[in-house]
Protein chains: 2
Amino acid sequence: MAAPDRLTKRNAIRRENERLILAAAEKVFAEAGFGGATMQLIADMAGLPKANLHYYFATKEELYRKVVQQIFEIWLHAAKSFDKAAGPVEGIGAYIDAKMEISRRHPFGSKVWASEVMHGAPVIQDYLETTLRDWTEGRAAVIRRWIAAGKMAPVDPYHLLYMLWATTQHYADFGHQIETLNGGRPLSAQEWARAKESVKSIILRGIGASPSQAEVI
Amino acid sequence: MAAPDRLTKRNAIRRENERLILAAAEKVFAEAGFGGATMQLIADMAGLPKANLHYYFATKEELYRKVVQQIFEIWLHAAKSFDKAAGPVEGIGAYIDAKMEISRRHPFGSKVWASEVMHGAPVIQDYLETTLRDWTEGRAAVIRRWIAAGKMAPVDPYHLLYMLWATTQHYADFGHQIETLNGGRPLSAQEWARAKESVKSIILRGIGASPSQAEVI
DNA sequence: CTCGACCTTGACCATACGGTCAGAAAACGA
DNA sequence: TCGTTTTCTGACCGTATGGTCAAGGTCGAG
């Protein structure tokens, strides 16, 4: 039972199949919701027989949970930009950049997370109450410190964080609506850049931390 | 076949039952998604036998479409605050107030809309392409006028609107997450007021239109 | 080479779902 | 009151779904 991580062909197959299944599941769960997704659809998209899915993931719930965990970890990782910053312009600016980039590259994961939370977080409630709560309180403390140091206006840290999440994830979760209003075409690279800049400039100025106003304060 | 709107007992019963069913459906669709919702669950919540639902609404899709239309009309109505305003402080301020109030009073409808759009708007794509597109372009024109008149900073009108939608609807769609981070308790009246003020102050300052800065400009 | 562990898969099962229907009950107009 | 229209509802049906299983195939260690 030892050495389960050797680079044998079996392990490669297992890893590759799990990757295939998770990618297909992320897309199907995002597009159909948990209830609307079917194991058959996921199997077809992964190019595997349905029974094979149940070999790697015992139940639909187990597969779903893995998908949700993935995006959560990506978000947590993105938050590091927040910490190594000296002030709100760099910290929040980099955080917005990172979250916007995730919305662009992982729109399915973002939708699955949104769906999960909207339905009352039946699967990941424990994450909300532990990891997310701790993370949020930590970042709120950073913001309070910036406020105390006069680096930004005295805004409520929690509502600022909610605003950051809402605005950045909106570009993934409501991407279809944005695409429709964009003439039916997905945002181009330039349009993504413009979106990023718009969000950053409004929020940074909104908290009294925009670069141009830095001298004024 | 005339006079279908007389105040007969039959019409009263019909109206009341449709109301009951739509309210139950809104809640169930919001909590379980379209795929996860079952007609039986909606029927139980409405206190009617399942067959009775199919008497008033032929199919699950038809019932769902009605629910989505409801919230869309509520939002369109709220947008009137935008139009009768002289400038961004009153216009956008009132719009945020109105949308926040809707998030507070109609969280289920907001979730159903979010779910629908996230899944690619299979049912209301035509609304997006007609009513919503026209509405958005009209409001964008108003914003451009305000910018031209020097009443606010030159921000991209579309991304500003996305930000307004994202931030206000977040309090409905992610209400469960916010509640969890609020110590497990729903926002109190005071906390809702604080949320409103936070959103308004950051955005209005962010677009260079905050009341305190009005004189500066 | 051989044996045991792991992987693959078509066929199958119980269940739950959306929707139907026939007939009973209630409300209505005259 | 009487005939007609509308409303109500338990029983029913075909289908699709999540999950199981047993048999066969593939791989790696010794």
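The figures here come from the full heavy-atom set of this structure, side chains too, leaving out hydrogens, waters and symmetry mates. Reminder, nothing fancy here: chain letters follow the sequence lines and each chain counts from 1.
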Check A:Arg144 with A:Glu137, please: is the shortest side-chain N to carboxylate O separation under 4.0 Å? yes

d(CZ, B:Arg14; P, C:dC28) in whole Å: 13 Å

Using a heavy-atom cut-off of under 4.0 Å over every strand shown, decide if A:Glu61 touches base, sugar-phosphate, or nothing. sugar-phosphate

State yes or no: are the ring centers of A:Phe82 and A:Trp146 separated by less than 6.0 Å? yes

A:Tyr162: which residues meet the ring-ring contact (aromatic ring centres under 6.0 Å, His included) condition with it, sequence neighbours left out? A:His159, A:Trp165

Which atom pairs, donor and acceptor, lie under 3.5 Å between side-chain atoms of residues 36-43 of chain A and protein residues at least two apart or in another chain?
{"unit_1": "A:Thr38", "atom_1": "OG1", "unit_2": "A:Leu41", "atom_2": "N", "d": "3.0"}
{"unit_1": "A:Gln40", "atom_1": "NE2", "unit_2": "A:Asp44", "atom_2": "OD1", "d": "3.1"}

Say whether, by atom type as modelled, one donor and one acceptor occur between the side chain of B:Thr8 and the main chain of B:Asn11 under 3.5 angstrom. no

Scan residues 31-41 of chain B against DNA chain D and write down, sorted by residue number, each residue with any heavy atom closer than 4.0 Å; if none is found, say none. none

Nearest whole Å is fine: how far is D:dC8 C1' from B:Glu16 CD? 16 Å

Check whether any side-chain heavy atom of B:Phe34 lies under 4.5 Å from a side-chain heavy atom of B:Glu116, and answer yes or no. no

Any protein N or O atoms within reach of nucleotides 8-10 of chain C? Criterion: under 3.5 Å, listing atom names and distances.
{"unit_1": "C:dT8", "atom_1": "OP1", "unit_2": "A:Asn17", "atom_2": "ND2", "d": "3.3"}
{"unit_1": "C:dT8", "atom_1": "OP2", "unit_2": "A:Asn17", "atom_2": "ND2", "d": "3.4"}
{"unit_1": "C:dT8", "atom_1": "OP2", "unit_2": "A:Asn52", "atom_2": "OD1", "d": "3.4"}
{"unit_1": "C:dT8", "atom_1": "OP2", "unit_2": "A:Tyr56", "atom_2": "OH", "d": "2.7"}
{"unit_1": "C:dT9", "atom_1": "OP2", "unit_2": "A:Asn52", "atom_2": "ND2", "d": "3.4"}

Whole Å only: how far is the CG atom of B:Asn11 from the C1' atom of C:dG29? 14 Å

For residues 118-126 of chain B, which residues have at least one heavy atom under 4.0 Å from DNA chain D? none

Starting at CD of B:Glu18 and ending at P of D:dT7, how long is that distance when rounded to a whole Å? 9 Å

Roughly, in whole Å, what's the span from OH in A:Tyr64 to P in D:dG18? 14 Å

Taking side chain as C-beta onward, heavy atoms only, is B:Phe72 less than 4.5 Å from B:Thr131? yes

Between NE2 of B:His54 and C1' of D:dC13 the distance, given in whole Å, is 13 Å

Check the distance between C:dT20's P and B:Lys60's NZ and give it to me in whole angstrom. 14 Å

Is any side-chain N of the basic residue among A:Arg14 and A:Glu18 closer than 4.0 Å to the acidic one's carboxylate O? yes

Set of residues satisfying ring-ring contact (aromatic ring centres under 6.0 Å, His included) with respect to B:Tyr56, sequence neighbours excluded: none

Between the side chains of A:His176 and B:Gln125, does any donor sit under 3.5 Å from an acceptor? yes

Are the charged groups of B:Glu191 and B:Lys196 less than 4.0 angstrom apart, N to O? no

